[in-house]
Amino acid sequence: QVQLVESGGGVVQPGGSVRLSCLASRGFNIMSWYRQTPGGQREPVADIYTGDVVNYADSVKGRCTISRDGAADTTYLQINSLKVEDTAVYYCRARERVWEEGYWGRGTQVTVSS
């Protein structure tokens, strides 16, 4: 049974930073972060592939870093200069291949508010 457990969310002031973690029960080729606002669709934030090739959504590019610790099967998402519009539930996704649905975590809430 594959498990993905996100952590690190919370309430952060605008301009602050957050570092999210996703602990997987095993390694995967592709680890991704998505986010979803109330009433909104789940949207991609960042991906990291085997070999540490990364992709970022335009909305976070320049403010965001995705990284992974393969030995620990943990993927991280650091977002700096947080904005109110970054408020969302952040989900971790794990896949072996791009076309697969893969596995999802239950999410961690990030609230950006003063």
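All values below were derived from every heavy atom in this structure, side-chain atoms included, with hydrogens, water molecules and symmetry-related copies excluded.
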All N/O donor-acceptor pairs, side-chain side in residues 11-28, below 3.5 Å, sequence neighbours left out:
residue, atom, partner, partner atom, Å
S17, OG, N80, OD1, 2.9
S25, OG, Q3, N, 2.9
R26, NH1, E96, OE2, 2.8

What's the separation between atom [atom1] in [X] and atom [atom2] in [Y], rounded to the nearest 0.5 Å?
{"X": "R95", "Y": "E101", "atom1": "CZ", "atom2": "CD", "answer": "8.5 Å"}
{"X": "R106", "Y": "L4", "atom1": "CZ", "atom2": "CG", "answer": "11.5 Å"}
{"X": "M31", "Y": "Y76", "atom1": "CE", "atom2": "OH", "answer": "11.5 Å"}

Does any N or O in the side chain of E6 come within less than 3.5 Å of the main-chain N or O of T108, such that one atom is a donor and the other an acceptor? no
Under 4.5 Å between side-chain heavy atoms, chaining through other members, with only Ile, Leu, Val, Met, Phe, Trp and Tyr counted: pull out the rest of the cluster around V89, sorted by chain and number. Y34, Y91, W104
Which salt bridge (charged side-chain N to carboxylate O under 4.0 Å, His left out) pairs, counting each pair once, include a residue from residues 74-83, with sequence neighbours left out? none
Residue pairs, two or more places apart or on separate chains, that pass salt bridge (charged side-chain N to carboxylate O under 4.0 Å, His left out) and touch residues 67-79: none
Mind checking whether W33 and V5 sit in one hydrophobic cluster, side chains of I, L, V, M, F, W, Y counted as touching below 4.5 Å? no
State yes or no: do W99 and I30 share one hydrophobic cluster built from I, L, V, M, F, W and Y residues joined by side-chain heavy-atom distances below 4.5 Å, directly or via other members? no
At their closest point, which heavy atom of L77 faces which heavy atom of V45, and how far apart are they? CD2-CG1, 4.1 Å
Specify the closest pair of heavy atoms between Y56 and A46, including all atoms of both residues, with the distance to one decimal. CD2-CB, 3.6 Å
Side chain to side chain contact (heavy atoms under 4.5 Å, CB included) between V110 and D86, intermediate numbers included: CA-CA 8 Å; V110 174; D86 292 319; 5.7 Å; no
Contacts of type side-chain contact (heavy atoms from CB on, under 4.5 Å), residue D58, not counting sequence neighbours: K61
Under the side chain to side chain donor-acceptor pair (under 3.5 Å) rule, what pairs show up with a residue in residues 36-50, not counting sequence neighbours? N29-T50, S32-D47, R35-E43, Q36-R42
